[in-house]
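Please read the structure below before turning to the comments.
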There are 2 protein chains.
Amino acid sequence: MDRVNEILRNIGKKCTEQRKLILQTLFELAKPVSADEVYEYLSETNKVGRTTVYRTLELFERKKLVRRIIFKDGIIRYESTHLKHHHHLICLSCGEVIPLEHCAIASLDGSVIEDADFLVTEHFLELYGYCKKCRGGK
Amino acid sequence: MDRVNEILRNIGKKCTEQRKLILQTLFELAKPVSADEVYEYLSETNKVGRTTVYRTLELFERKKLVRRIIFKDGIIRYESTHLKHHHHLICLSCGEVIPLEHCAIASLDGSVIEDADFLVTEHFLELYGYCKKCRGGK
DNA sequence: TATCTAAATGAAATTTAGTTTCATTTAAAA
DNA sequence: TTTTAAATGAAACTAAATTTCATTTAGATA
Ligand SMILES: [Mn+2]
Ligand SMILES: [Mn+2]
Ligand SMILES: [Zn+2]
Ligand SMILES: [Zn+2]
């Protein structure tokens, strides 16, 4: 929790109970989560309003505490940036999300695609398929 | 237009005026377009309802006539599958979408990620950055 | 060709994810 | 402690997408 306090102090914004709870949640869940998932997670103790969750995640994105990720369902999810740039395996059957350690195409960022004379600054790659459990013995 | 007729006959569904217009539109635009973009494009001649556009694009997706693509804005877009699997350069300044001819990671599909024992069946990759025009001389 | 009917359409209502408004509360500066 | 700009959250709103259901139609059948 000290860590959370320090991070919030560093972004030059008020260190509120809600922001601490949301940031703590992102650390705990350590995978891409939607605003509603964060809200539900916290609503057991019911300390944070839905609007505040949305606004706080946007703030955290601007301050680079989280990155925004969109899977094929189109829902906006956020993941803590304390995990470095990576991609995911997403099971089409059970929805499990498995982080991939290595990014084989990280060298793309900052490079220029010659044919199109296009400067690449970021990329999104997600892999879909079937996890061990869902494939049974196969 | 004969081509459009033939394709629709092949999917075993009624060959309606609306379906022909929507499929024709996807061929003409030849880039990822949202349901509303298709609707707007056709609303000059006002022959197709908004609901029908949404439903028809879903039908086309099930029949593999189009693929669903999501950029970072979260809006669902569709692109005709007569263009083979590829990715895009998307300009963060002007929004231009440039198709990339080659997919360097096509070999991923059908392969198993060993560490996770995960069978990859499809992947989504989109590159963001700045096009020639938007970078000026740079 | 005329008749029939399941499939398709589209206006309107509804849902869902996300955003805006604004009165109230609060962190933290003075 | 007092002050105040920043933050919160309930409620209203928006935009994209989906559902409902009365009407229309493609195309099979007679
Ligand atoms: Mn991750
Ligand atoms: Mn394309
Ligand atoms: Zn990467
Ligand atoms: Zn699975």
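By convention in this document, chain letters (A, B, ...) are assigned in the order of the sequence lines, proteins followed by strands, and residues within each chain are numbered from 1. Since we're looking at a predicted model, the values are computed, not measured.
Between B:Arg55 and D:dT19, a side-chain N or O to OP1/OP2 separation shorter than 4.0 Å is absent.
If you take CG of A:Leu21 and P of D:dG9, they are 10 Å apart, rounded to a whole angstrom. In this structure, the NZ atom of A:Lys63 is 12 Å from the P atom of D:dA6, given to the nearest Å. Atom pair B:Tyr39:OH and D:dA15:P shows a separation of 15 Å (rounding to whole Å applied). One can place CG of A:Asp73 at 14 Å from C1' of D:dA16, the figure rounded to the nearest angstrom. At whole-Å resolution of the value, CZ in A:Arg19 and P in C:dT26 are 14 Å apart. Rounded to a whole Å, the CZ atom of B:Arg62 is 13 Å from the C1' atom of D:dT18. Atom CD in B:Glu37 sits about 15 Å away from atom C1' in D:dA17, given to the nearest Å. B:Leu57 has its CG atom 15 Å from the C1' atom of C:dT9, to the nearest Å.
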Strictly under 3.5 Å: I want the nitrogen or oxygen pairs between protein and nucleotides 25-30 of chain D, one per line.
unit_1, atom_1, unit_2, atom_2, d
D:dA26, N3, B:Lys14, NZ, 3.3
D:dG27, OP1, B:Cys15, N, 2.7

So which protein nitrogen or oxygen atoms get under 3.5 Å of nucleotides 14-19 of chain C's nitrogens or oxygens?
unit_1, atom_1, unit_2, atom_2, d
C:dG18, OP1, A:Ile76, N, 3.1
C:dG18, OP2, A:Tyr54, OH, 3.0
C:dT19, OP2, A:Glu58, OE2, 2.6

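Looking at every heavy atom in both residues, B:Glu101 comes nearest to B:His86 through O-CB, 4.4 Å. The shortest heavy-atom contact between B:Ile98 and A:Ala116 is CG2-CB, 4.2 Å. Across every non-hydrogen atom of A:Leu65 and A:Ile7, the tightest pair is CD2-CG2, 3.5 Å. Taking both residues in full, the closest heavy atoms of A:Thr52 and A:Thr56 are given as O-OG1, 2.6 Å, listed atom of the first, atom of the second, then distance.
A perpendicular orientation is assigned to the rings of B:His85 and B:His123, their planes being inclined by more than 60° (bins at 30° and 60°).
Relative to the six-membered ring of B:Tyr39, B:Arg50 meets both conditions, a distance below 6.0 Å and an angle of at most 45° to the axis.
The backbone N or O of A:Lys64 sits less than 3.5 Å from a side-chain atom of A:Thr81, completing a donor-acceptor pair.
Taking the six-membered ring for Trp and the full ring otherwise, the centers of B:Tyr128 and A:Phe124 sit less than 6.0 Å from each other.
Heavy-atom neighbours of B:Lys31 NZ from other residues, nucleotides or ligands within 6.0 Å: at or below the threshold of 12.
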